[in-house]
Amino acid sequence: MTAPLLVDEVLLAEPRGFCAGVDRAIEIVERALARFGRPIYVRHEIVHNTYVVNDLKAKGAIFIEDLDEVPPGATLIFSAHGVSKALRSEAARRGFQVFDATCPLVTKVHVEVAKLAKEGYEFIMIGHKGHPEVEGTMGQLSEGIYLVEDVADVAHVRPRGGKVAVVTQTTLSVDDAAEILAEVKRCFPHVREPKKQDICYATQNRQDAVKVLAPAVDVVVVVGSPTSSNSNRLRELAERLGTPAHMVDAADDLLPQWFDGRRRVGVTAGASAPDILVQQVVARLRELGALSIRKMDGVQEHVRFPLPRGLGGAGHRSDDTTAAPRS
Ligand code: SF4
């Protein structure tokens with residue numbers, strides 16, 4: 001049966017898809033597999049994408065949450081989201097060969113927390129409870145770091161001292177984070193803010209691109225897995241701008257009824273979604289009638305992060321904040 005012709009035009013957000021931290025994390029697992037052979041253990045999904053995780057599983061990666069699942073002498077990789085100090089120490093105590101795929105922009109936040117804690121600061125962390133990045137960042141300290149998920153949470157923060165700094169999860173909605181930060185500053189006028197916001201360049205650029213894309217189309221498709229924080233934020237943002245939006249893990253998830261009476265379709269992808277999935281979504285939209293596929297203008301990203309020592313990179317120390325994006 002031929003598909004009904006529902007779609008006229010597809011606009012692709014620019015930038016979309018993989019960021020430098022995701023590229024690096026996947027390359028670390030692939031290089032470890034090539035160098036040490038299977039299996040390679042990975043603490044948590046290396047990045048929040050079903051396709052990527054299944055692909056690496058097929059190549060010999062085993063994804064675990066608990067270090068008890070890792071046999072003695074194994075090679076273990078920390079995911080791009082980062083880990084707590086306790087987990088890092090436990091992995092070292094058990095003698096695993098560890099490679100750290102924590103995104104350098106998350107490590108930068110960890111370094112800032114450790115540095116300011118030594119100066120007597122307590123922290124307000126803006127982020128989503130239960131997200132592994134938040135657990136990793138909060139877990140840089142044993143106490144004195146308070147999570148706020150929304151504006152209302154700020155009123156419940158009771159720091160013990162007068163020195164308070166704020167840090168954020170790297171993949172938040174830029175607009176939501178700004179609103180929460182304004183409340184933090186209202187309640188704690190002397191709060192110390194990061195010199196440069198913790199929300200990363202990739203999150204910011206993909207959200208900026210959706211702000212251009214959403215008003216130009218009738219419906220937005222976000223390629224990303226349900227666990228991906230930055231992909232969820234892209235879908236919410238498009239909807240907030242008044243354009244219906246749907247998130248899909250793969251092209252098979254597209255439902256023709258989404259495009260009924262909505263002939264211009266915008267497509268974007270979260271920072272952990274590979275380009276092959278975008279291509280498959282576009283191919284499906286062609287089957288639904290799309291004749292014109294057009295890339296929007298947008299920021300060109302040229303950011304690369306160095307690989308760790310032992311996997312082809314010169315490596316950087318965990319306290320090396322110069323591992324910032326090169327563009
Ligand atoms: Fe790093 Fe941002 Fe990519 Fe997360 S989304 S891996 S913080 S560059």
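Order of appearance sets the numbers: ligands from 1, and atoms from 1 within every ligand. These numbers were taken from a predicted model, which means no experiment stands behind them. We number each residue from 1, following the sequence as shown.
Excluding water, every protein N/O/S atom under 2.8 Å from atom 1 (Fe) of ligand 1 is given here by residue and atom: Cys103 SG.
Aromatic ring centres of Tyr41 and Phe78 lie farther apart than the 6.0 Å criterion allows.
Between His131 and His48, the ring planes lie perpendicular to each other; the angle is over 60°, past the 30° to 60° tilted range. Between Tyr121 and Phe123, the angle of the ring planes lies from 30° to 60°, which puts this pair in the tilted group.
Contact detail for Pro194 and Val166: the closest heavy-atom pair is CD-O, 3.4 Å.
Donor-acceptor pairing under 3.5 Å is lacking for the side chains of His81 and Thr102.
The residues Lys129 and Asp153 are annotated as not salt-bridged, no charged nitrogen and carboxylate oxygen being separated by less than 4.0 angstrom.
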